[in-house]
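Values reported hereafter were calculated over all heavy atoms of this structure, with side chains retained and with hydrogens, waters and symmetry mates removed.
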Amino acid sequence: MAFSYGQQQQRAPVGGPPVSKVELSVSCEHLMNKDTTSKSDPICVLMMQEGEKWFEFGRTEQVANTLDPLFSTKFDMDYYFEEVQKLKFCVYDVDNATSTLADDDFLGSLECTLGQIVSHGTYKKPLVLKAGKPAGKGEIKIVAQELTDHHVVDINFRAHKLDKKDTFSKSDPYLEIHKQGKDGFWQLVHRTEVIQNNLSPTWKDFTLTVQSVCNGDYEKQLKLVCYDWDSDGSHDLIGEATLTLRQMIDDNQGGRRQVEFPCINPKKTKKSSYKDSGILFLTKCILRKEYSFLDYVFGGCQINFTVGIDFTGSNGNPQDPASLHYLGHGQPNQYQLAIRSVGGVVQDYDADKMFPSLGFGAKIPPDFQVSHEFALNFNPQNPYCMGIDGILSAYQNAVPQIQLYGPTNASPIINHVARFATQAAQQPGASAYYVLLLLTDGVLTDMDATREAIVRASHLPMSIIIVGIGGADFGDMEILDGDDGVLKSPRGEPVLRDIVQFVPFRQFQNKAPAALARSVLQELPNQVVQYFKKRGLTPNTPNPTQGPV
């Protein structure tokens, strides 16, 4: 594919909308010198993986005669938390005018994920050659910055002495805000409530994103339109005013000064006696930042991942090929696939990659007593596994050593993770959030205790992902998800926020492995932000000197 410098190819969307848009800035140090009479003339090419294939996303400009290039071309890309977005940064010494790279000297590459980059903010690593050998002392540094504008405005309007439009009563006014599109047409942004029979109404406060109000252009023309509501839908125009968001923010002075706008009806302006159809007052227009998921990640918030695995007898004898825990057919079972899919995404946001891995519902060695909360590696003092491969290794090692039993009690593992989340909640700042992946094959025996545990956990920095393994009826699990109503404890206490996501694995059995992660993790960034927002916790200040852990 022929590329001009700076041209970039976004991938087609697969799941939901991106969490955000990020900008990647690239620089290199100590590159190998491939030129005889001068230094290398490097460019950086960014490749992105789509399925099993790599495509060129974009490339920087060429920086002449340097081994320490600082590229000015940025890579702007959509960021999806719920996906593993694999990237490859390839650095070449270009000595000709062709767009092909086959005839240019390769100076090294870095393969990583977008999640790894954003979880560090500044990501610096050695470059390697195609054989995996170090590319001399060459290093690449990638700095991530969020581009999406997360500012919002808190707004309030009132009016005074609006025109009377109804015969037997006063007007029933409401207000609309419109923005002008590129085509010149006006687009509705917001509509207030109707206030009945009142010529001097005060409407309720409302909050809008800057993006929705003016697409980030504070000088974009806006129009306030005031109508008299009629039950038959033939609403009468009272008047309108034009303004910009910049004017609203500056003139209102953070809510300290009311701003007047004459409410003008264009049809009446030809009358010499006409002055206005009332006055609109902007009583509040306060600009503030709503912190995003990436703000918290850039501030060092760690996403701590824990796995809980159901080892009850209903899974079937692990030596039987029909068992959900069968390991002998050379293909990963549903438990292994779910751990790989979800854990593969979340692991990028945990610095030490040490994951507590627990089982429940089995008789365990050495005395083979039933346990509903045991370490998968049989080390209760240190139940941590190194990376997703470590979890899968511990799982394969545990299956032949335990006796599947029952009942199916999930609350002990939820409470286990909640204890750590409680400790994190007592620490200052937004430094940690916990995610429990609970894998189970059937109906929970301790449904009441589980509901109670979830309600308590909804007050903590914690989310729960439940994946139903096998073909059982998971009707009770849908109740825990809360999508069809607010989950309540047996005592009647509702969850503070929705923290549970449930899906049956069978819905994803014939889909790409990444589909499961996309489904269950899509809500997680919002759950993280929601928790810290309720606590009034702002992101920690990033440490610019902190390198990768």
Would you say the side-chain atoms of [X] pair up with the backbone N or O of [Y], donor to acceptor, closer than 3.5 Å?
X      : Y      : answer
Asp154 : Thr207 : no
Gln85  : Tyr80  : yes
Arg340 : Ile388 : no
Lys353 : Asp350 : yes
Gln62  : Val94  : yes
Asn377 : Asn382 : yes
Arg497 : Gln527 : yes
Thr244 : Glu219 : no
Ser212 : Thr209 : yes
Ser40  : Lys34  : yes

Tell me if the [atom1] atom of [X] is crowded by more than 12 foreign heavy atoms within 6.0 Å.
X      : atom1 : answer
Lys88  : NZ    : yes
Lys137 : NZ    : no
Gln331 : CD    : no
Lys220 : NZ    : yes

Between [Y] and [X], is there a side-chain donor-acceptor contact under 3.5 Å, judged purely by atom types and distance?
X      : Y      : answer
Asn540 : Ser431 : no
Glu61  : Ser72  : yes
Gln145 : Ser25  : no
Ser463 : Tyr433 : yes
Thr148 : Ser20  : yes
His178 : Glu176 : yes
Asp41  : Asn65  : no
Thr113 : Asp348 : yes
Lys39  : Thr66  : no

Phe89: which of Val45, Ile140, Thr60, Leu127 passes side-chain contact (heavy atoms from CB on, under 4.5 Å):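 One option only clears the test, and that one is Ile140.
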Listed once per pair and sorted, the ring-ring contact (aromatic ring centres under 6.0 Å, His included) pairs that draw on residues 495-536, sequence neighbours left out: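 As it turns out, the ring-ring contact (aromatic ring centres under 6.0 Å, His included) pairs with a partner in residues 495-536, which skip direct neighbours, are Tyr296-Phe532, Phe474-Phe502.
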For residues [X] and [Y], determine if any side-chain heavy atom of one lies less than 4.5 Å from a side-chain heavy atom of the other.
X      : Y      : value
Ile469 : Asp310 : no
Ile465 : Val435 : yes
Leu436 : Val417 : yes
Pro134 : Pro126 : no

Ring geometry between Phe81 and Phe293 (parallel below 30°, tilted from 30 to 60°, perpendicular above 60°):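 Perpendicular.
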Parallel, tilted or perpendicular: ring planes of Phe305 versus Phe355, cut at 30 and 60 degrees: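 Aromatic pair Phe305/Phe355 classed perpendicular.
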side-chain contact (heavy atoms from CB on, under 4.5 Å) between Cys28 and Asp68, intermediate numbers included: CA-CA 5 Å; Cys28 297; Asp68 303 298; over 6 Å; no
Pairs touching residues 414-430 that satisfy salt bridge (charged side-chain N to carboxylate O under 4.0 Å, His left out), sequence neighbours left out: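 Qualifying pairs: Glu373-Arg419.
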Chi angles and distances behind the salt bridge (Lys or Arg N to Asp or Glu O under 4.0 Å) call for Lys284, Asp205: CA-CA 8 Å; Lys284 180 196 291 185; Asp205 289 11; 2.7 Å; yes
Derivation of the side-chain contact (heavy atoms from CB on, under 4.5 Å) call for Ile339 and Val307: CA-CA 8 Å; Ile339 292 169; Val307 175; 4.3 Å; yes
Aromatic ring proximity Tyr291/His150, centre distance under 6.0 Å: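 Judged by ring-centre distance (under 6.0 Å), Tyr291 and His150 do not meet the cut-off.
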Pair Tyr395 + His325: ring centers closer than 6.0 Å: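 Here the rings of His325 and Tyr395 have centres that are less than 6.0 Å from each other.
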From Asn252 atom CG to Leu282 atom CG, the distance as rounded to the nearest 0.5 Å: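 Taking CG in Asn252 and CG in Leu282, the distance rounds to 4.5 Å.
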Criterion side-chain contact (heavy atoms from CB on, under 4.5 Å) on Glu56 and Leu46, from CA distance to verdict: CA-CA 6 Å; Glu56 184 172 334; Leu46 175 56; over 6 Å; no
Arg246 and Asp217 ion-paired at < 4.0 Å: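 Looking at Asp217 together with Arg246, the answer is no, because their closest N to O distance does not fall below 4.0 Å.
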